[in-house]
Amino acid sequence: KKLKMYKEFMDKIYNATDVEVSGYYKDKPFLGKITYTRCKYGNDISVHVEDDNDIYVIDGRALYEGEDATYRNLHVYF
């Protein structure tokens with residue numbers, strides 16, 4: 001069941017251009033929109049999130065789990 005939920009999330013995130021994402025990058029808060037996605041080797045997706053000043057490159061798995069080593073408190077607003 002977890003694998004199915006993960007696959008469904010990745011399918012949604014791959015086609016989620018203009019969807020808002022919020023979180024913290026190295027303790028700096030951000031709120032931006034997904035501008036680009038691409039498949040990575042294996043079972044992951046690279047997601048580009050842009051705000052007014054920066055572009056954040058976040059793995060789909062980090063968005064699914066809500067954090068990784070660089071990002072925390074990640075939320076996707078489908």
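Just so you know, these numbers come straight off a predicted model, no measurement behind them.
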Following the transitive rule for hydrophobic clusters with a side-chain heavy-atom cut-off under 4.5 Å over Ile, Leu, Val, Met, Phe, Trp and Tyr, establish whether V57 and L74 coincide in one cluster. no

Return the set of residues passing ring-ring contact (aromatic ring centres under 6.0 Å, His included) with Y14 (not counting sequence neighbours), or none when no residue passes. none

How far does OH of Y64 sit from CD of E8, to the nearest 0.5 angstrom? 9.0 Å

Test side-chain contact (heavy atoms from CB on, under 4.5 Å) applied to E20 and V49, step by step: CA-CA 8 Å; E20 286 191 331; V49 177; over 6 Å; no

When T37 is tested against each of I13, V47, N15 for side chain to side chain contact (heavy atoms under 4.5 Å, CB included), which residue passes? V47

Given Y6 and R61, is the side-chain contact (heavy atoms from CB on, under 4.5 Å) satisfied, shown in steps? CA-CA 8 Å; Y6 178 73; R61 179 171 287 284; 3.6 Å; yes

Taking Y36 as the starting point, is it possible to reach Y77 by hopping between hydrophobic residues whose side chains are less than 4.5 Å apart? no

Counting only heavy atoms from other residues, nucleotides and ligands, does the tally under 6.0 Å from NZ of K40 exceed 12? yes

Test side-chain contact (heavy atoms from CB on, under 4.5 Å) on D54 and K28 and set out the steps. CA-CA 11 Å; D54 298 299; K28 175 188 164 200; 2.6 Å; yes

Value for CD1 (I58) from NE2 (H48), rounded to nearest 0.5 Å, stands at 10.0 Å

According to ring-ring contact (aromatic ring centres under 6.0 Å, His included), who are the partners of F30, at least two apart in sequence or on a separate chain? Y56

Donor-acceptor contact present, side-chain D44 to main-chain G60, <3.5 Å: yes

Which value, rounded to the nearest 0.5 Å, describes the distance between K12 atom NZ and I45 atom CD1? 13.0 Å

What pairs with D68 under side-chain hydrogen bond (donor to acceptor under 3.5 Å, both in side chains), at least two apart in sequence or on another chain? none

Do L3 and M5 belong together in a cluster built from hydrophobic side chains that touch within less than 4.5 Å? no

Straight-line distance of K33 NZ to T17 OG1, nearest 0.5 Å: 11.0 Å

